[in-house]
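Below is one structure, written out as structure tokens; the observations come after it.
Chain identifiers are assigned alphabetically (A, B, ...) following the order of the sequence lines, protein sequences preceding nucleic acid strands; residue numbering begins at 1 within each chain. What you see is a predicted model, and the numbers here were worked out from it, not measured in a lab.
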Amino acid sequence: MGIPKAVDVEVVEEAPFRLRVPAQGDMRVDGVVFTSHELLPDPAEDGSLQQVVNVATLPGIVEASYAMPDVHWGYGFPIGGVAATDVERGGVVSPGGVGFDISCGVRLLTADLDRSELPIERVMDGLDRAVPRGAGSGAVWQLSGRAELERVLLGGSRYAVERGHGEDRDLERCEDGGVLAGADPGQVSARAVERGLEQVGSLGSGNHFLEVQAVDEVLDDVAAAAFGLAPGQVCVMIHTGSRGLGHQICTDHVRIMDRAMRAYGISVPDRQLACAPVESPEGRAYLGAMAAAANYGRANRQLLAEAASDVFERVTGQRLSLLYDVSHNLAKIEEHEIGGERRRLCVHRKGATRALPPGHPDLPPALRDAGQPVLIPGSMGTASYVLRGVVGGGAFHSTCHGAGRVQSRKQAARAITGGALRKRLEGQGIAVRGASARGLAEEAPEAYKDVDAVVAAAEGAGLCRAVARLVPLGVVKG
DNA sequence: ATGTTC
């Protein structure tokens, strides 16, 4: 990824948890980072602040190039970045603004059980057998060919439910009702299809996980009651995305846009920011393929949730109930007010979560008064959070997505062995299943920011409110 | 994140 540029940018702390980088040079808007100086990665080692500056040069960008408190270095755009472009005024879409794991996201399910009555080892043994994971193949579904895969790409979670994996109520609890409109399977390459055929209903590797958790602390009584969360309650959190299919789609369309940019007269300070106007053949092609990958990721989480629910039913007699499913890697066409006018924007959220405020019409009735649940997976062995959107938030109704890395995978693996980490987690009473030693070491908590501090910064910046803090009882890792 | 280097 190269060496970070010596960043010579002015950073003004204009409010608590709000740093501003005034526009200079080719920047069309300011940069705004919702964080403190303490949480901001060291510019000598991490290029994310320079990436916030680079994103501010994109054609059609409005308001600001935003970054969340968990910001760190990514491909082109920072992870934790939010950028919106005005579709009718030459605004671009950039695959790097979504990332390689298109529609990576989180689903949280609740069990009507207290942690004291959960036979955790038996549940974990069941999950160990039921959850396909790791870099290779193995999945809940085996698709017969392109025709069947296209039903997944068009139907997302709804298709999984139609096939008997879940119930209609689940779809109300999914962003966009479980299906992102505008999917165009014709823009998905043969290679992406090939990679996708054998991975629907699989966890993957890296920071993806399935955790059994318990509510440690309720921080907003009213919203927690609306979400069905109580102290001691058992939950299941699933963090995964669109696997090799989404990765291939990103690769394919970065290449297409890299070649097309010149024809549109677009120049960017970093090739990884390859982009095209939303209203161009290349822009539409990417958004159609991206929506297809989003639906694949949603079906993936739906299938894994059903597999986990089957395990809970066998072991405890109780099925799981879906609280919410939301992505943190997506570009969406949304309407927002800019300078007193409703504008159609392409909102890129990369390692950032949509956080709709109470009363928003896109929320289902059961969640409308409380606001959208925002699901924040912590690093392994640490807390996770449920947050909610707030009226008057910021960054086009967005907030953080997780703890955010501070060490590379290589650095983390050098610092601790997988065996030592497993022992430590088990010493903390956390059951670990099926993780490779290397994979475990790469995900060591010390490789991440403190999720409590990240959430405090997101709240302090006024982006969201904390509803509940969850702690892990057992983790299934790829 | 990723058939972890087309």
Set of ring pair (Phe, Tyr, Trp, His ring centres under 6.0 Å) partners for A:Tyr286, sequence neighbours left out
A:His253
With sequence neighbours left out, the residues meeting side-chain hydrogen bond (donor to acceptor under 3.5 Å, both in side chains) with A:Asp362 are none
Which pairs with one or both residues in residues 395-408 of chain A pass salt bridge (charged side-chain N to carboxylate O under 4.0 Å, His left out), sequence neighbours excluded?
A:Arg405-A:Glu443
Which pairs pass ring pair (Phe, Tyr, Trp, His ring centres under 6.0 Å) with one or both residues in residues 179-212 of chain A, sequence neighbours excluded?
A:His208-A:His239, A:Phe209-A:His239
Sorted by chain and residue number, the side-chain hydrogen bond (donor to acceptor under 3.5 Å, both in side chains) partners of A:Arg146 (sequence neighbours excluded) come out as A:Glu150
Output a table of nitrogen or oxygen pairs between the protein and nucleotides 2-6 of chain B separated by less than 3.5 Å.
unit_1: B:dT2; atom_1: OP1; unit_2: A:Arg243; atom_2: NH1; d: 2.9
unit_1: B:dT2; atom_1: OP2; unit_2: A:Ser205; atom_2: N; d: 2.9
unit_1: B:dT2; atom_1: OP2; unit_2: A:Ser205; atom_2: O; d: 3.3
unit_1: B:dT2; atom_1: OP2; unit_2: A:Ser205; atom_2: OG; d: 3.1
unit_1: B:dT2; atom_1: O2; unit_2: A:His247; atom_2: NE2; d: 3.2
unit_1: B:dG3; atom_1: OP1; unit_2: A:Arg195; atom_2: NH2; d: 2.0
unit_1: B:dG3; atom_1: OP2; unit_2: A:Gln199; atom_2: NE2; d: 3.0
unit_1: B:dG3; atom_1: N2; unit_2: A:Arg195; atom_2: NH1; d: 3.1
unit_1: B:dG3; atom_1: N2; unit_2: A:Arg195; atom_2: NH2; d: 3.4

